[in-house]
Chemist: 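I am attaching a structure below and will ask some questions about it afterwards.
Note that the numbering runs from 1 along the sequence shown for the chain. Note that the coordinates shown come from a computational prediction; the quantities given were computed from them, not determined experimentally.
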Amino acid sequence: MEEIRDRVILVGLNSPVLGREGSADEESMEELSALAETAGASVEGILLQNRPAPDPRTFIGGGKTAEIKLWCENTGATMAIFDNDLSPSQMRVLTEALGVQVLDRCGLILDIFAQRARTREGRLQVELAQYQYLLPRLTGMWTHLERQAGTSGRGPIGSKGPGETQLETDRRHIRRKIDKLKADLEDVRRVRGTQRRQRQKREVPVIAIVGYTNAGKSTLLNRLTGAEIPANDRLFDTLDTTTRLLRLNDAQEAVISDTVGFIRKLPHQLVEAFKATLEELEYADLLLHVIDVSNPEWQEQCRVVENLIEELGAGEIPRIDAFNKCDALPPGEIMPHGEDVCAISAKTGGGIEDLLSKIARRLDRGIRRVRLRLPYEQAGLLDMLYREAKVEGVEYAGEIEVTALCDPEVLGRVRAYLAEGGA
C-alpha cells in the first residue's frame, strides 16, 4: 500500500462564465479524485459549487472559503485541490485564507508527471512544464519579502529591497532554465528524427497507440507484442513512449508505440512540453485509438482525444478505433462496429485477431515474401534487393537462391526469376 502524502479537500466551481472546458462537474470532480489518489493523496471531502461567476479574489467567494477552512480543520486536511485553473493571485489569497497548501488541476497533473517520468526525455519534458507553470506564479511566492522590504509599489522611492531583487533574479534564472531545457529537448527530437528516418528507410510502417488515460493502451501493447510494460489501473501510468516491433503476419511487420494518455483540461504547457513524445503521432502511418467502452464517459473521452489529435496535426492519419474492456460490459450490450472499428479485451485477448487483421489490411503495401533463383550473371540484382527489399536468406548453389520481402515495384523487376511457388 502506497504511503499517503497528503489529506486533501477537492473543490470545483461550475459557472456559465467559465464555459464547458473551464467549469467543474461531477464527472471532472470524479476524475480529479482519481488524479489525487494517483498522486498519493487521501481525499477527505469534495465540494462542487455553482456560481454565476467566479469571485475575482478567492474564486469561490468568502463564505465557501470559510466553509473549506473549517472542513480542513475538522478533517486534518493539509491541501485543497481545485478542479479549475486558478490565477497566481487567487492561489496566494486562498493559501493565506485556508491555512493549507492550494493546488489547481494543472499543478496536480504536473506532480503526477514528475513522479511517473522515468527516462531522460520524460524528465526533461516534466521539468520544462514545471518551470513554465512556475514562472507567472513567482510574484505571489515573493510577496512576504516584498512586504518586509516595503517594495509593494507603495513604499518610498528608492526603497527597492531584496524581495523584488530576488524575484527578478529568480525570473532570469527560470527563463535560462527554460531555454536550456528547450535546447535539450531539441536534441532529443533530433535523435528521434534520426531513428524515424532509419525506420522510414527500411519502410517499416509506424503505428501510434493513442487514447484517454487509463484506457488500457499499455495492456494492449503488452498483448500485441509481449512488451511486458507495467500496466496498472491508475491515471498517467505511462509517460515515456515505448516502441516495439509488431509482427502482423509472415510478410508484414510494423513499429508500434505507446504514448502518454490524454485527459480533459490538459494544461496547454503540458501539450507543448510533451511535443517530443506526442510528435510520433504526426509521423505515424496509422493511429490505434484505444477507447475504454466500460467507462460511462467514453464518448466525452473520445472527443477530448480527437481534439488533441487535431491540435497535434495528426487529424488526417488513418485510424482504427479499438473499443477496449468489452469483457466488462453486460451481456447483450451492442458494441460499435464498422470497417475500422473493433471490439477487444486487451486483458483477455478477445478480438485481438480481428484487430490484427484490420491493422494488416490498413498497412498492406503489397509487400510479399518471394523465393528467387538468380543466375550468377544477374548477381547485380542481389545488391538491388539488399538496398530496396528485405533479404531474409541467400544460398549459393547452381544459382543464387534468395528469400526476400519485396514491394510491388521491386517484385516487378525480379518477376522473371521467381522460383516455382515462390510468391
Side-chain angles (χ1 to χ4, degrees), residues 27-28 31 34-35 38 109 112-113 116 122 206-225 227 229-244 246 254-266 270-271 274-275 277-315 317-329 335-336 338 340-352 354-356 358-359 362:
E27 287 75 27
S28 70
E31 190 170 85
L35 285 167
T38 296
I109 292 172
I112 295 168
F113 278 17
R116 296 277 180 266
V206 176
I207 304 165
I209 303 180
V210 298
Y212 207 76
T213 187
N214 213 32
K217 298 182 297 299
S218 296
T219 306
L220 179 58
L221 186 63
N222 289 344
R223 174 67 63 177
L224 292 172
T225 66
I229 300 154
N232 301 304
D233 185 19
R234 59 188 182 188
L235 304 184
F236 291 125
D237 202 56
T238 302
L239 284 184
D240 301 306
T241 300
T242 304
T243 302
R244 294 289 183 271
L246 171 64
V255 169
I256 185 164
S257 297
D258 191 9
T259 60
V260 61
F262 297 170
I263 195 165
R264 77 184 86 184
K265 303 181 185 178
L266 186 68
L270 282 187
V271 177
F274 275 70
K275 280 282 174 74
T277 293
L278 294 174
E279 74 174 359
E280 285 293 302
L281 271 59
E282 193 179 340
Y283 298 95
D285 298 284
L286 180 68
L287 300 184
L288 183 54
H289 181 188
V290 182
I291 301 156
D292 176 4
V293 76
S294 70
N295 190 308
E297 292 292 304
W298 70 263
Q299 287 171 305
E300 169 65 16
Q301 292 179 353
C302 281
R303 187 186 67 79
V304 171
V305 172
E306 284 163 9
N307 287 346
L308 279 167
I309 286 172
E310 289 290 336
E311 188 177 340
L312 291 162
I317 297 169
R319 194 174 84 205
I320 291 174
D321 291 336
F323 287 85
N324 191 27
K325 306 187 187 180
C326 60
D327 56 308
L329 291 176
M335 289 294 300
D340 288 323
V341 176
C342 62
I344 65 165
S345 169
K347 185 177 177 183
T348 67
I352 296 298
D354 181 39
L355 175 60
L356 285 170
K358 281 181 163 61
I359 293 172
R362 264 296 190 175

Chemist: Yes or no on side-chain contact (heavy atoms from CB on, under 4.5 Å) for Leu356 and Leu246, after CA distance, side-chain angles and deciding distance?
Modeler: CA-CA 10 Å; Leu356 285 170; Leu246 171 64; 4.1 Å; yes

Chemist: Distance check, rounded to the nearest 0.5 Å: Ile352 atom CD1 versus Cys342 atom SG?
Modeler: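 It comes to 7.5 Å.
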
Chemist: Looking at every non-hydrogen atom in both residues, tell me the closest pair between Ala215 and Lys325 and how far apart they are.
Modeler: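 Heavy atoms of Ala215 and Lys325 come nearest at O-CE, 3.6 Å.
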
Chemist: Do Cys302 and His289 have side chains that approach each other closer than 4.5 Å (heavy atoms only, starting at C-beta)?
Modeler: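 Yes, side chains in contact.
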
Chemist: Hey, is the main chain of Ile291 close enough, under 3.5 Å, to the side chain of Asp321 for a donor-acceptor pair?
Modeler: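 No, because the side chain of Asp321 does not come within donor-acceptor range (under 3.5 Å) of the backbone of Ile291.
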
Chemist: My understanding is that only residues two or more places apart in sequence, or in another chain, count here; which of them pass ring-ring contact (aromatic ring centres under 6.0 Å, His included) with Tyr212?
Modeler: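 Tyr212 satisfies ring-ring contact (aromatic ring centres under 6.0 Å, His included) with no other residue.
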
Chemist: Check whether any side-chain heavy atom of Ile207 sits under 4.5 Å from a side-chain heavy atom of Ile320, and report yes or no.
Modeler: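 Counting from C-beta outward, Ile207 and Ile320 never come under 4.5 Å.
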
Chemist: What distance separates Asp285 CG from Arg362 CZ, expressed to the nearest 0.5 Å?
Modeler: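 Rounded to the nearest 0.5 Å, the CG-CZ separation comes to 11.5 Å.
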
Chemist: Using the test salt bridge (Lys or Arg N to Asp or Glu O under 4.0 Å), find all partners of Glu306 that sit at least two apart in sequence or belong to another chain.
Modeler: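 Salt bridge (Lys or Arg N to Asp or Glu O under 4.0 Å) check on Glu306 returns Arg319.
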
Chemist: Identify the heavy atoms of Gly351 and Ile344 that sit nearest to each other, and give their distance.
Modeler: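 For Gly351 versus Ile344, the nearest heavy atoms are O-CG2, 3.6 Å.
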
Chemist: What are the two closest heavy atoms between Ser345 and Asp327, and how far apart are they?
Modeler: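 For Ser345 versus Asp327, the nearest heavy atoms are OG-OD1, 2.9 Å.
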
Chemist: Applying side-chain contact (heavy atoms from CB on, under 4.5 Å) to Asp292 and Trp298, what does each step give before you reach the verdict?
Modeler: CA-CA 6 Å; Asp292 176 4; Trp298 70 263; 5.7 Å; no

Chemist: How close do Asp258 and Lys217 get, heavy atom to heavy atom, and via which atoms?
Modeler: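 Heavy-atom minimum between the residues: OD1-CB, 3.4 Å.
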
Chemist: Looking only at non-hydrogen atoms, find the nearest pair between Ala346 and Gly216 and report the distance.
Modeler: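 Distance-wise, the nearest heavy atoms are CB-O, 4.4 Å.
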
Chemist: So do the side chains of Leu355 and Leu220 get within less than 4.5 Å of each other, counting heavy atoms only?
Modeler: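 The answer is yes; the side chains approach within 4.5 Å.
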
Chemist: In Å, rounded to the nearest 0.5 Å, how long is the span from CG of Leu221 to CD1 of Ile209?
Modeler: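 Going from CG on Leu221 over to CD1 on Ile209, the span is 4.5 Å.
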
Chemist: Going by the rule side-chain contact (heavy atoms from CB on, under 4.5 Å), which residues pair with Ala343 if we only count those two or more places apart in sequence or in a different chain?
Modeler: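 Checked Ala343 against side-chain contact (heavy atoms from CB on, under 4.5 Å); matches are Cys326, Met335.
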
